[in-house]
Amino acid sequence: MTDIAKNIAIIEERVDASAKKTGRSRSDVTIVAVSKTVDAYAVGQAEEAGIQDFGENYVQEYLKKREVLKDTLNWHIIGPLQSNKVKFILDGVCLLHSLDRLTLAQEIEKQCEKKGTQLSALVQLNIGKEPTKSGIFEEDLGRFLQDVSVMRRIRLKGLMAIPPAAFQADDNRPYFEKMRRLFDRYQAEYPEFEYLSLGMSDDFEAAIEEGSNVVRIGTAVFGARSN
Ligand SMILES: *Cc1c(COP(=O)(O)O)cnc(C)c1O
């Protein structure tokens, strides 16, 4: 077994255990392996170990890897997206996790219109109101969703957040809980809401226990990034 396969087996078990605490199971949670800075070979190893979903932060890097890997993988864009990069992700990305501003939504709408396609997206919240992070503030979410929901090419699939850096996994529970409440509230209004993308290597168990159903895990799958 490769190290990556071993890591994934452990993560699978941990995800399953956390999901069961909330009456769900492993299959109710999507594991997105965050493959930024990792080469296509390692992505292939993760695929062989059962991972179907991969998350990339940079469009250029995503395009390169996609070229050498099979088309059967699900690609997610999870990092801040520049408007001029939108046109490159419409063919192959299954879910954008980082819809964080109206100008980006407008560009997506425009480019999708041109290509006759749609894009599924999660709205990214800046749940800790950190100046260094992008995302919508919770008090602006209702208005933002309204504005985007009239755009016919964007399918609003849920919410995503990266809470402030924590000392312990449990420190982020109040943020996860807050996100869960927002998710539940807006799911009532937006029936396509399906995904709550919360939790990374250090805190995915807490996130799942608070209701996340998409975890984005890099380091715990592929090892520490060198940069
Ligand atoms: C890098 C990254 C992750 C993965 O972080 P790890 O701590 O390595 O698991 C998850 N989400 C986003 C948005 C990221 O940029």
Side-chain angles (χ1 to χ4, degrees), residues 3-15 18 29-40 42-43 45-46 49 51-65 73-82 85 89 93-101 104 119-136 157-173 175-176 179 183 195-227:
D3 284 348
I4 289 174
K6 278 183 209 154
N7 292 344
I8 289 169
I10 293 165
I11 291 166
E12 295 269 3
E13 266 181 39
R14 291 169 62 190
V15 166
S18 306
V29 180
T30 301
I31 298 174
V32 177
V34 175
S35 48
K36 62 182 173 208
T37 77
V38 161
D39 64 18
V43 172
Q45 287 189 331
I51 298 290
Q52 283 295 311
D53 292 82
F54 292 89
E56 289 284 342
N57 289 55
Y58 305 104
V59 170
Q60 228 50 45
E61 198 185 337
Y62 149 70
L63 290 172
K64 257 197 206 158
K65 271 172 231 180
L73 303 179
N74 302 322
W75 291 101
H76 301 243
I77 293 291
I78 62 170
L81 181 62
Q82 292 174 280
K85 296 281 168 33
I89 69 160
V93 165
C94 69
L95 188 63
L96 171 69
H97 291 228
S98 47
L99 179 56
D100 59 2
R101 59 196 190 278
L104 177 60
L119 185 69
S120 293
L122 308 181
V123 173
Q124 179 171 357
L125 276 99
N126 187 345
I127 198 67
K129 295 199 167 155
E130 295 171 280
T132 53
K133 282 198 183 123
S134 53
I136 306 291
K157 290 293 209 174
L159 305 177
M160 179 273 219
I162 310 166
F167 291 106
Q168 295 172 3
D170 276 350
D171 293 352
N172 281 330
R173 279 185 194 264
Y175 292 110
F176 292 148
M179 286 293 294
F183 181 82
Y195 302 119
L196 181 57
S197 171
L198 294 173
M200 320 203 305
S201 291
D202 289 334
D203 58 11
F204 66 87
E205 286 157 310
I208 292 168
E209 285 168 29
E210 299 300 334
S212 165
N213 60 11
V214 181
V215 290
R216 309 175 308 267
I217 306 181
T219 310
V221 171
F222 295 110
R225 290 179 291 273
S226 45
N227 54 351

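Along the sequence shown, the residues carry numbers beginning at 1. Counting convention: from 1, in listed order, for ligands and their atoms alike. Note that these values count all heavy atoms, side chains included, but never hydrogens, waters or copies made by symmetry. Computed from a prediction, not measured in an experiment: that's the story for all the values here.
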Under 4.0 Å from one or more heavy atoms of Lys36, ligand 1 contributes atoms 1 (C), 2 (C), 3 (C), 14 (C), 15 (O)

Counting heavy atoms not belonging to Lys64, are there more than 12 under 6.0 Å from its NZ?
no

Which of the ligand 1 atoms, numbered from 1, are nearer than 4.0 Å to a heavy atom of Arg216
4 (C), 9 (O), 10 (C), 11 (N), 12 (C), 13 (C)

Please examine the side chains of Thr219 and Met200, heavy atoms only from C-beta on, and report whether any two atoms are closer than 4.5 Å.
no

Specify the protein heavy atom at minimum distance from atom 9 (O) of ligand 1: its residue, its atom name, and the distance to 0.1 Å.
Ser201 OG, 2.5 Å

Within reach of ligand 1, part of His97 (heavy-atom separation under 4.0 Å)
neither

Judged by atom type as modelled, is there a donor-acceptor pair below 3.5 Å linking the side chain of Ser18 to the main-chain atoms of Glu209?
no

Nearest protein heavy-atom contact for atom 10 (C) of ligand 1: which residue, which atom, what distance?
Met200 SD, 3.1 Å

For ligand 1, which atoms sit closer than 4.0 Å to a heavy atom of Ile78?
11 (N), 12 (C), 13 (C), 14 (C)

Which of the atoms of ligand 1 are close to Ile217, meaning less than 4.0 Å from one of its heavy atoms?
9 (O)

Using a 3.5 Å distance criterion without hydrogens, assess whether the side chain of Asn126 forms a donor-acceptor pair with backbone atoms of Lys133.
yes

Side chain Ser201, main chain Ile217, donor-acceptor under 3.5 Å:
no

Donor-acceptor side-chain pairing of Ser197 and Arg216 below 3.5 angstrom
yes

Evaluate the side-chain proximity of Ile31 to Asp53: yes if any heavy-atom separation is below 4.5 Å, no if none is.
no

Just distances here: any N/O of Gly218 and N/O of ligand 1 closer than 3.5 Å?
yes

Are any of the N/O atoms in Thr219 less than 3.5 Å from those in ligand 1?
yes

Record the part of Asn57 in heavy-atom contact with ligand 1 below 4.0 Å; permitted values are side chain, backbone, both and neither.
side chain

If the cut-off is 4.0 Å to any non-hydrogen atom of Ile162, which atoms of ligand 1 fall inside it?
13 (C)

